[in-house]
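Chain letters run A, B, ... following the sequence lines, proteins first, then strands; residues in each count from 1.
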Amino acid sequence: MPELPEVEAVRRRIAPSMVHARIEAVDLRRPDLRRPFPRQFAKRLGGQTVVALTRRGKYLLALLSSGETLLMHLGMSGSFRVIRAARMPRVPRARDSHDHVVFHMSSGRSVVFNDPRRFGVMDLIRPGQLQHHPVLSALGPEPLSDDFDAAGLARACAGKRTSLKAALLDQRAVAGLGNIYASEALHVARLSPRRRASILATPGGAPREAAHRLAEAIRHVLLKAIARQARGRYGDERFLVYDREDELCSRKGCAGTIRRGAQGGRSTFSCPVCQR
DNA sequence: ATTGAGACCTGTCGGC
DNA sequence: TGCCGACAGGTCTCAA
C-alpha cells in the first residue's frame with residue numbers, strides 16, 4: 001500500500017521510539033519476507049544504537065552505530081506499530097500471525113513490523129556499501145529534493161515508448177510514486193496516463209512544457225499528501241481521481257467524469273476531458 | 001535494451 | 001451463510 005507520503009508518515013511516527021535508542025533484541029518470527037532475511041539478522045542488530053532514521057523513495061533506512069544500515073520496505077501490506085514494552089506480561093500480549101519482526105528498543109518501546117502479504121523487504125547493508133546496494137543505486141531522484149526537476153524527468157523519459165503512467169511507476173525515473181500518486185500527479189498536470197512518456201522531451205532531450213507541469217504536479221501531490229498524513233490518520237484519504245470511477249471531475253470548469261482503465265494490470269484513474 | 005506479462009502472498013469484498 | 005473470482009497503494013524476473 002504505501003507510497004512515499006505513507007512511508008514518510010511511518011518514519012515520523014516510529015522515529016521517536018527508535019532514534020538514539022539501542023536495539024536490545026530483535027524478535028524474528030520467520031525466515032523471510034519477499035526475500036530471506038540476511039544471515040544473523042537479529043544477532044547483528046542486537047546491541048546497536050539507531051543513529052538516524054531516514055527515507056529514500058519508499059525505503060526506510062535506519063543508520064546504525066556500527067556503520068551498517070538497516071533497509072526496510074513495506075511492500076503492499078506492511079505496517080509498523082509501536083507498543084509499550086510490558087515489563088512482566090502476566091498474560092502474553094496477543095500476537096498477530098503477521099507480526100514478523102519486533103524490535104525491542106531501549107526507549108521502552110517495541111516496534112512491530114506486520115505484513116500479511118509479505119511483499120516487504122528487510123536487509124542489512126555493510127558500512128560504505130549503501131551506494132552500491134542494488135535497490136538503492138537503481139533509484140531515481142528524490143522528488144522533494146533539489147535533485148528532481150523537469151529537466152531530469154524529461155531526460156529519464158526521452159525516447160521512451162512506454163506510457164506516462166508506467167514511466168512514473170518506474171522508480172528509476174523518480175523515486176517514491178506508486179499507483180495512487182502517479183494517477184493523481186497526471187491529473188494535476190492535465191496529462192493523459194496513456195500518452196507516451198517521450199512527449200515530455202524534445203528530440204534533443206530538453207524538457208517540454210508538459211515536463212514542467214508534471215514535475216511540479218508530482219511535488220504538489222506528494223507535499224499535500226504528507227501534510228494531510230501529518231494531520232489525519234492513515235487510510236481515509238480523498239483523492240482527486242484515484243478510486244473515483246464514475247464521479248465528476250473536480251477540476252474547476254471541467255464537466256468530465258472520472259474513468260478507470262487498466263495499464264500493466266493495474267488500474268489507472270483519469271478524467272478523459274481535462275487530461276490530454 | 002526496453003517493455004509487458006506473470007509471479008510472489010494473503011485478505012477482503014461483491015455477486016451468486 | 002458460503003463459495004468463488006476479482007482485486008489490492010510493490011517489486012522482481014523472464015521472455016519477446
Engineer: Please state how far atom CG in D32(A) lies from atom C1' in dC9(B), giving the value in whole angstrom units.
Structural biologist: 11 Å
Engineer: Just compare dG10(C), dT3(B), dG9(C) and give me whichever is closest to any side-chain atom of T162(A).
Structural biologist: dT3(B)
Engineer: Can you figure out which of dT3(B), dC8(B), dT11(C) approaches the side chain of F119(A) most closely?
Structural biologist: dC8(B)
Engineer: Counting distance alone, no hydrogens or angles: does the base of dA8(C) have a donor or acceptor under 3.5 Å from a partner atom on the side chain of R266(A)?
Structural biologist: no
Engineer: Taking dA5(B) as the reference, what is the distance to dC7(C) when you measure between their P atoms (whole Å, please)?
Structural biologist: 15 Å
Engineer: Which base, if any, makes a Watson-Crick or G-U wobble pair with dA6(C), both distances under 3.5 Å?
Structural biologist: dT12(B)
Engineer: Could you tell me the separation between the CD1 atom of I180(A) and the P atom of dA8(C), rounded to a whole number of Å?
Structural biologist: 11 Å
Engineer: For V121(A) and Y242(A), take the nucleotide of DNA chain C holding the closest heavy atom to each; which residue's nucleotide lies nearer the 5' end?
Structural biologist: Y242(A)
Engineer: Grab the CZ-P distance between R196(A) and dT2(B) for me, whole Å please.
Structural biologist: 15 Å
Engineer: With the threshold set at 4.0 Å, does a side-chain nitrogen-carboxylate oxygen contact exist between R260(A) and D243(A)?
Structural biologist: no
Engineer: Do F148(A) and Y59(A) share a hydrophobic cluster, counting only Ile, Leu, Val, Met, Phe, Trp and Tyr and linking them when any side-chain heavy atoms are less than 4.5 Å apart?
Structural biologist: no
Engineer: Counting just side-chain N and O atoms, does R35(A) come under 4.0 Å of either OP1 or OP2 of dT13(C)?
Structural biologist: no
Engineer: Check whether any side-chain N or O of R161(A) sits under 4.0 Å from OP1 or OP2 of dT3(B), and answer yes or no.
Structural biologist: no
Engineer: Consider only side-chain heavy atoms of I, L, V, M, F, W and Y, link residues closer than 4.5 Å, and tell whether V188(A) and L164(A) are in one cluster.
Structural biologist: yes
Engineer: Please state how far atom CD in E245(A) lies from atom C1' in dC7(C), giving the value in whole angstrom units.
Structural biologist: 13 Å
Engineer: Measure the distance from CG on L169(A) to P on dA8(C) and round it to the nearest whole Å.
Structural biologist: 13 Å
Engineer: Check whether any side-chain N or O of Q171(A) sits under 4.0 Å from OP1 or OP2 of dT11(C), and answer yes or no.
Structural biologist: yes
Engineer: Would you indicate which nucleotide in dG10(C), dT10(B), dG9(C) comes nearest to any side-chain atom of R117(A)?
Structural biologist: dT10(B)
Engineer: Go through dG10(C), dG11(B), dT2(B) for me and flag the one nearest to the H98(A) side chain.
Structural biologist: dG11(B)
Engineer: Flag yes if I180(A) and L186(A) sit in one hydrophobic cluster, no otherwise; membership is Ile, Leu, Val, Met, Phe, Trp, Tyr, and two members link when side-chain heavy atoms are under 4.5 Å apart.
Structural biologist: yes
Engineer: Counting any heavy atom closer than 4.0 Å, what does G178(A) reach on the DNA or RNA strands: base, sugar-phosphate only, or nothing?
Structural biologist: sugar-phosphate
Engineer: Can you check the distance between dC9(B) and dC14(C), where both ends of the measurement are the P atom (answer in whole Å)?
Structural biologist: 15 Å
Engineer: Of the nucleotides dC12(C), dC9(B), dG10(C), which one has an atom closest to the side chain of R118(A)?
Structural biologist: dC9(B)
Engineer: Expressed in whole Å, how much space separates the C1' atoms belonging to dG9(C) and dT3(B)?
Structural biologist: 23 Å
Engineer: Tell me: CG of D115(A) to P of dT10(B), nearest whole Å?
Structural biologist: 11 Å
Engineer: In terms of side-chain heavy atoms of S267(A), which of dC12(C), dG9(C), dT2(B) is nearest?
Structural biologist: dG9(C)
Engineer: Would you say I226(A) and F80(A) are hydrophobically clustered, going by side-chain heavy atoms of ILVMFWY under 4.5 Å?
Structural biologist: no
Engineer: Whole Å only: how far is the CG atom of L74(A) from the P atom of dC9(B)?
Structural biologist: 19 Å
